[in-house]
Enquirer: 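Next up is a structure, given as structure tokens.
Just follow the structure's listing: the first ligand is 1, and inside any ligand the first atom is 1.
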Amino acid sequence: MKNIDDLVDSAADLAERGLSKGEIADELNVSRETASWLVERSGTGTTPTSTTASGPHDIHVDWSAVGRDSNRLHHVGCAMADLLSKQGDDVDLTIGIEKAGAPLATTVARELDTDLGTYAPTKHQWDDDDSGTSDGTFSRNFAQIRGRDCYVVDDTITSGNTMTETVDAIREQGGNPVACVVLADKRGIEDIRGVPVYSLLQVIRVGSDDEAAEE
Ligand SMILES: O=P(O)(O)OC[C@H]1O[C@H](OP(=O)(O)OP(=O)(O)O)[C@H](O)[C@@H]1O
């Protein structure tokens, strides 16, 4: 996807196929607020809200050039694993946050020679009519967590809510999150609940207005 018009067209297409705002946000890798704005801008949605006047403050990270090629994915996974290597040798489990974090976690786990687990966060339970209060889930098809140190892998951090939820869920399951790693961190977060966060790319807003600075 090259520009905002492509995103708007994609949002319109997904809305016409009946996807909810949460599902469109998932597909396009943007926040729900941004998904709403894109749908409204396309003319597919309902009456624009006040947030649509100037558009939401979000940045779309398109890493499909990596995601569509297993060789590139492997190399990027190696780079993410390298960021974690300073954490020591005791970790034998890598947890990927679904959906996008799972293939990245697979390559990280292979590089670090750890087991692999996945977590489906609450956002995947979202619908337009609810508040996303369902519990997230760890897949039974992958490694279990109880009593184990682990790494956490995702593609992006926007608000940090997904990573925070995952760290909390791992602890509730009796695991010990040692470090988190993402491709791109839009917030410049150093740690989540005391767990260090590493990223290949930091997205830093330059010349932001007052509203953006308050985010
Ligand atoms: O920091 P946050 O504001 O919580 O946002 C970050 C999350 O959003 C994206 O997932 P998305 O909802 O696009 O779903 P996907 O990974 O299943 O594609 C991304 O993969 C993170 O999981």
Enquirer: Does E165 use its side chain to pair, donor to acceptor, with the backbone of P121 at less than 3.5 Å?
Expert: no
Enquirer: Does only the side chain of E98 get under 4.0 Å from ligand 1, or the backbone, or both, or neither? Count heavy atoms.
Expert: backbone
Enquirer: Would you mind listing which atoms of ligand 1 come within a distance below 4.0 Å of any non-hydrogen atom of I157?
Expert: 1 (O)
Enquirer: Do I97 and ligand 1 have an N or O pair less than 3.5 Å apart?
Expert: no
Enquirer: Output the list of atoms in ligand 1 that are nearer than 4.0 Å to some heavy atom of S159, sorted by atom number.
Expert: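 This gives 1 (O), 2 (P), 3 (O), 4 (O) as the contact atoms.
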Enquirer: Under 4.0 Å from a heavy atom of G160: give me the atoms of ligand 1 that qualify, with their elements.
Expert: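 Listed by number with element: 1 (O), 2 (P), 3 (O).
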Enquirer: Indicate whether the side chain of Q87 and that of Y198 have a donor and an acceptor atom separated by less than 3.5 Å.
Expert: yes
Enquirer: I want to confirm something. Looking only at heavy atoms, which of I24, T158, D154 is nearest to atom 5 (O) of ligand 1?
Expert: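 When every heavy atom of I24, T158, D154 is considered, T158 comes closest to atom 5 (O) of ligand 1.
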Enquirer: Against ligand 1, does G101 come closer than 4.0 Å with any heavy atom?
Expert: no
Enquirer: Calculate, to the nearest 0.5 Å, the distance between atoms OG1 and CG belonging to T156 and D154 respectively.
Expert: 6.0 Å
Enquirer: Measure from the side-chain N and O atoms of R72 to the backbone N and O of R68, and report whether any donor-acceptor pair falls under 3.5 Å.
Expert: no
Enquirer: Can you list the ligand 1 atoms lying under 4.0 Å from a non-hydrogen atom of A100?
Expert: 15 (P), 16 (O), 17 (O)
Enquirer: Could you give the distance from CZ (R187) to CE (M163), rounded to the nearest 0.5 Å?
Expert: 14.0 Å
Enquirer: What distance do S42 atom OG and L7 atom CG have between them, rounded to the nearest 0.5 Å?
Expert: 11.5 Å
Enquirer: To the nearest 0.5 Å, how far apart are SG in C180 and CZ in R193?
Expert: 11.5 Å
Enquirer: Go through ligand 1 atom by atom and flag the ones less than 4.0 Å from a non-hydrogen atom of A25.
Expert: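 Numbered from 1, ligand 1 contributes 13 (O).
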Enquirer: Which atoms of ligand 1 have any heavy atom of K99 under 4.0 Å away?
Expert: 15 (P), 16 (O), 17 (O)
